Enquirer: 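The structure's right below; bear with me while I get my questions together.
Because the structure is predicted, anything quoted here is derived from the model rather than measured. When reading the values below, keep in mind they use all heavy atoms of this one structure, side chains included, and skip hydrogens, waters and symmetry mates.
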Number of protein chains: 2
Amino acid sequence: MAIAKTNEFEKEAIYLADIAKALSHPARIQILKILTEMNVCMCGDIVELLPLAQSTVSQHLKELKRVGLIKGDIDGPKVCYCVSPESLNKAKKEFEIIFNHYTCKGAKSCRTKKK
Amino acid sequence: MAIAKTNEFEKEAIYLADIAKALSHPARIQILKILTEMNVCMCGDIVELLPLAQSTVSQHLKELKRVGLIKGDIDGPKVCYCVSPESLNKAKKEFEIIFNHYTCKGAKSCRTKKK
DNA sequence: ATCGTTCATCGTAAATATACGATAGATAAA
DNA sequence: TTTATCTATCGTATATTTACGATGAACGAT
């Protein structure tokens, strides 16, 4: 990537991009779905539901944990995963801000301003 | 990436992940913001507002175009970019579905089911 | 026809992401 | 203590992303 310029952008943009990155793989979207639909949260259960190896699923879980969207409680040899309602709510609100902001104002097409 | 397993996931998850990927870089978040705040849409304007070379900005614009979040109208030697309200709205609704779905149901913590 | 402007694309380099098997650590059960 | 189970991490291979400069294509203006 040559030299990452990540730090030269706006804080809000960096936060949103980071959440979006965590959501940018189908496996991670499905993991979020699984974690809420079943309230069983074991890694092994998820592995059975996805076409991926255990180690790969573990990596995806780690990425979701990194941004705080899920939590993992150690329960003996198992780890019990669940979504974090707080951070999911925060992300929801942040995304609403861009989406609403942009959809409200952005209706004017380029075509209209051709001089 | 070894062999991409992208096609073995659910359709909705693939779509959402793809939109999220397009939003997963601060530059692209800021581009969306710029395109709606100013209704001037030239690539050159955006280049001046971001710490990136023209060719890099062009690549980011291409990615946003790929998923349909923005459109580019050719206007002589210039290209006039603007957001696509329709596809932005669609993305907004899809994200609401996961976020609402997940935040409504997912409140139960792992801790509660320890047997 | 030539020049300047605007933008996309090409070529390339380096960083990240994705995926797997193998292994290690932690705990429950025997 | 030994064994089985569950998960994280390591090492590794390959694909993708990010970034830049250079070049090329399209157009307006001279």
Enquirer: Are the side chain of Arg28(A) and the backbone N or O of Lys21(A) linked by a donor-acceptor pair below 3.5 Å?
Expert: yes

Enquirer: Compare the minimum distances between each of dA26(D), dT7(D), dA26(C) and the side chain of Pro77(B), then state the nucleotide with the smallest one.
Expert: dA26(D)

Enquirer: Between P on dT18(C) and CG on Asp18(B), what's the gap in Å once rounded to a whole number?
Expert: 13 Å

Enquirer: Starting at atom NZ of Lys65(A), determine the distance to atom P of dT7(D), rounded to an integer number of angstrom.
Expert: 11 Å

Enquirer: Both Phe9(B) and Ser58(B) contact DNA chain C. Which one's nearest nucleotide lies toward the 5' end?
Expert: Ser58(B)

Enquirer: Measure CZ/Arg66(B) against P/dA8(C) and give the value in whole Å, please.
Expert: 16 Å

Enquirer: Using atom CD1 of Ile31(A) as one end and atom P of dA19(C) as the other, report the distance to the nearest whole Å.
Expert: 10 Å

Enquirer: Report yes if at least one side-chain N or O of Lys62(A) is closer than 4.0 Å to OP1 or OP2 of dT7(D); otherwise report no.
Expert: no

Enquirer: Using a heavy-atom cut-off of under 4.0 Å over every strand shown, decide if Gln59(B) touches base, sugar-phosphate, or nothing.
Expert: base

Enquirer: Closest nucleotide of DNA chain C for Asp45(B) versus for Arg28(A): which of these residues is on the 5' side?
Expert: Asp45(B)

Enquirer: Please state how far atom NZ in Lys78(B) lies from atom C1' in dA29(D), giving the value in whole angstrom units.
Expert: 12 Å

Enquirer: Given side chain to side chain contact (heavy atoms under 4.5 Å, CB included), test Cys43(B) with Val47(B) step by step and report yes or no.
Expert: CA-CA 6 Å; Cys43(B) 174; Val47(B) 173; 4.2 Å; yes

Enquirer: Looking at His60(B), I'd like to know whether one of its side-chain N or O atoms comes within less than 4.0 Å of OP1 or OP2 on dA19(D).
Expert: yes

Enquirer: Answer with yes or no whether the hydrophobic clustering places Ile74(B) together with Met42(B); edges join I, L, V, M, F, W, Y residues whose side-chain heavy atoms lie under 4.5 Å apart.
Expert: no

Enquirer: Should the ring pair His25(A) and His60(A) be called parallel, tilted or perpendicular, given that the plane angle runs from 0 to 90° and is split at 30 and 60?
Expert: tilted

Enquirer: I'd like to know if the side chain of Gln30(A) reaches the main chain of Glu10(B), judged simply by a donor and an acceptor atom lying under 3.5 Å from each other, with no hydrogens or angles considered.
Expert: yes

Enquirer: In whole angstrom, give the distance that lies between atom CD of Glu63(B) and atom P of dT16(D).
Expert: 13 Å

Enquirer: Closest heavy-atom contact between Glu63(B) and Ala22(B)?
Expert: OE2-CA, 3.8 Å

Enquirer: Would you say dA17(C) has OP1 or OP2 under 4.0 Å from some side-chain N or O of Lys21(B)?
Expert: no

Enquirer: In whole Å, I'd like the distance from the CD1 atom of Ile14(A) to the P atom of dT18(D).
Expert: 14 Å

Enquirer: Could you check how far CG of Asp75(B) sits from P of dA29(D), rounded to whole Å?
Expert: 11 Å

Enquirer: Which of residues 46-56 of chain A have a heavy atom under 4.0 Å from DNA chain D?
Expert: Gln54(A), Ser55(A)

Enquirer: For Ile29(B) and Leu23(B), run side chain to side chain contact (heavy atoms under 4.5 Å, CB included): C-alpha distance rounded to whole Å, both residues' side-chain angles, the deciding distance at 0.1 Å, then the answer.
Expert: CA-CA 6 Å; Ile29(B) 297 280; Leu23(B) 298 173; 4.1 Å; yes

